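Heads up, the thing below is written out as C-alpha cells.
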Amino acid sequence: MSNTAELIATEQRLGAHNYKPLDVVLTRGQGVHVWDSEGKQYLDCLSAYSAVNQGHCHPRILAAMTEQASKLTLTSRAFRNDQLALLYEELAALTGSHKILPMNSGAEAVETAIKAVRKWGYETKGVPEGKAEIIVCSGNFHGRTLSIVSFSTDPDARGGFGPFTSGFRTVPFGDAEAFEAAINENTVGALIEPIQGEAGVIIPAAGYLRRVRELCTDNNVTLILDEIQTGLGRTGKLLAEEHEGIEADVTLIGKALSGGFYPVSAVLSNSEVLGVLQPGQHGSTFGGNPLACAIAREALKVLTEEKMVENSAVMGEYFLEGLKSIRSNIVKDVRGRGLMLAVELDPEAGGARQYCYALKDLGLLAKDTHVDTIRLAPPLVITREQVDWALDRIEKVLMQ
Ligand SMILES: *Cc1c(COP(=O)(O)O)cnc(C)c1O
C-alpha cells in the first residue's frame, strides 16, 4: 500500500468524518502551487477558502513568523505585548476603523460581533433586556458554533444540534424590501456576507447593499458585514463593501489576515459598538497574541506592498472573461468578482464533484460547492500565464 493510501485510510479510521475531502494528500506549497505526497504539482484554485490569498508559504510572512516565534509567542491578555498596538495601528490605518478586537477563528469574530451588538442594543439603543434581534440572510455561512448554526438555513449545518440560540430573523439574501420589513424597534444589527461564498458565490444585485446601508442608518441598526472570505483583496478591492461605496459599522475579517499561517481574525468597528465591552466581558487566551499579531502585520504589508488587491481585480476580470468564452452545454452560469469565481453546472451534468476530480487529474485543485457549482479562487498572486493554463484545463474538462 502506498504512503498516500495509508494516510487516507488512517484519517478515515481515526478521524471524525465531518469533512469529505478530495483524495489528494498535500505535502508542500509555494505561491499558487501545491504538491502531493507523490510529487505531483497542482495549481490551487481554492486557497484554503481564501485564507492563502498571499500564496502558499509566502517567504516574508514565513520570516516574520519564525522571527517572532523565536522571541515571544503568547502572553495572554493578562499582560501587554509589543506587537498588538502595532497591529491595531496598521489595521486602523488600512481600513479606517476606530476600534479593533482580535480573535482567532472567523466564527469567533462572528460570535464577538453578535455579543457586542446585542450589548450595544441594550445600553445604547435602549432595547428591552433579552429582546434584541439580529437580521440574517438565507443561505448564509458564518461559521460552525452553536449560536451561528442557530441561524443557518442549511439543514446539514443545523440538524440535530438544537436547542438553538434565539434572537435572529432570517430574510432572503438580496431582497432589500424583505430586509426593510424585518426591521422593528428591537432590531440591533444585521449580519450579511457582501457576496455569499459557501452558498456558491452568490452576488447580490447592484444597489442592494447600498439600500441595506441606508435602512440600517435610518433605523439605528448596526450593519455587520462578514468579510472573512470576501475581504483582504479576494474580490478585487481590499473590502467587498467598496464595490458599493458603503461602510459597514462592524467588519469581520479572518482567513487571509494571516496569509494562512495561523488562525487570526478581527472585529473592526467604530468606537460605539466595541466600546460597550468592559474588562472581563469578553476575551480569548490566544486572541491578540504576539505571534498572531506579527504574522498578521506582515500578511497585510505583503498584500498591499505587492499589489495583490490590484492583481486580483485584473486577473479576476481576465479569468471571468475566459470562463465566459467556454462554449460548453453543461454550464448554466459563470459569475465572479475579482478572484472569487464560480462555474455553475446544469443539474443534468451530474454534480460538480466529478468535474473537480477530472480537474485534479489535470493538475488543478478546485472544490465543488452546493452540488452543482465549481468554485475557483486561486491565490491573488496568480499570473496571466497561470490563468491561461487553468482555463485550458477547465475548458478541456467542461467540453468532455
Ligand atoms: C470561513 C468563514 C467563516 C468562518 O471562519 P472560520 O475561521 O472557519 O471559523 C465565517 N464567515 C465566512 C463568510 C466565511 O467564509
Side-chain angles (χ1 to χ4, degrees), residues 16 18-19 21 45-53 101-115 117 134 136-154 156-158 161 165 168 170 173-174 189-204 209 223-235 237-241 243 248 250-268 284 286-289 292 295-296 299 336-342 367-370 373 375-377 379-380:
N18 56 325
Y19 279 93
C45 278
L46 183 66
S47 309
Y49 299 95
S50 297
V52 287
N53 283 359
L101 197 157
M103 294 295 279
N104 312 286
S105 67
E108 285 175 313
V110 176
E111 289 275 348
T112 302
I114 292 170
K115 285 174 70 177
V117 164
I134 294 174
V136 298
C137 293
S138 54
N140 70 72
F141 182 84
H142 298 287
R144 299 294 196 171
T145 62
L146 203 41
S147 284
I148 294 172
V149 302
S150 293
F151 55 85
S152 172
T153 56
D154 176 354
D156 282 340
R158 279 171 61 91
F161 299 128
T165 306
F168 301 97
T170 309
F173 182 62
L191 172 62
I192 300 177
E193 297 156 86
I195 295 172
Q196 288 189 332
E198 296 316 295
V201 187
I202 311 297
I203 306 171
L209 287 175
L223 176 59
I224 310 162
L225 288 184
D226 180 346
E227 298 241 24
I228 291 165
Q229 190 163 148
T230 55
L232 304 178
R234 176 51 58 189
T235 70
K237 301 271 190 195
L238 184 72
L239 295 174
E241 67 174 18
H243 291 290
V250 176
T251 301
L252 310 177
I253 55 174
K255 292 199 166 116
L257 183 52
S258 73
F261 279 83
Y262 202 81
V264 191
S265 65
V267 179
L268 313 174
S284 157
F286 278 80
N289 75 70
I295 292 168
R337 186 157 289 161
L339 283 168
M340 190 168 182
L341 302 152
K367 180 76 172 71
D368 52 304
T369 172
H370 277 247
T373 302
R375 182 209 330 236
L376 296 161
L380 310 185

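Counting starts at 1 for both ligands and their atoms, in listed order. Bear in mind the structure is a predicted one, so any value in this text is a computation, not a measurement.
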Close N/O pairs between ligand 1 and protein, under 3.5 Å:
from	atom 1	to	atom 2	distance (Å)
ligand 1	7 (O)	Gly106	N	2.8
ligand 1	9 (O)	Gly106	N	3.3
ligand 1	9 (O)	Ala107	N	2.8
ligand 1	11 (N)	Phe141	O	3.4
ligand 1	11 (N)	Asp226	OD1	3.4
ligand 1	11 (N)	Asp226	OD2	2.6
ligand 1	15 (O)	Gln229	NE2	2.8
ligand 1	15 (O)	Lys255	NZ	2.6

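Every ring-ring contact (aromatic ring centres under 6.0 Å, His included) that Phe173 has, sequence neighbours left out, goes to Tyr208.
A donor-acceptor contact shorter than 3.5 Å is absent between the side chain of Ser47 and the backbone of Asn53.
Side-chain contact between Ile253 and Ser265 is absent, with no heavy-atom pair separated by less than 4.5 Å.
Defined by atom type and a distance below 3.5 Å, a donor-acceptor pair is present between the side-chain atoms of Ser284 and Asn104.
A salt bridge does not link Arg234 to Glu227: none of the charged nitrogens lies less than 4.0 Å from a carboxylate oxygen.
Taking all atoms of both residues into account, the shortest heavy-atom contact from Ala342 to Gly200 is CB-O, 3.9 Å.
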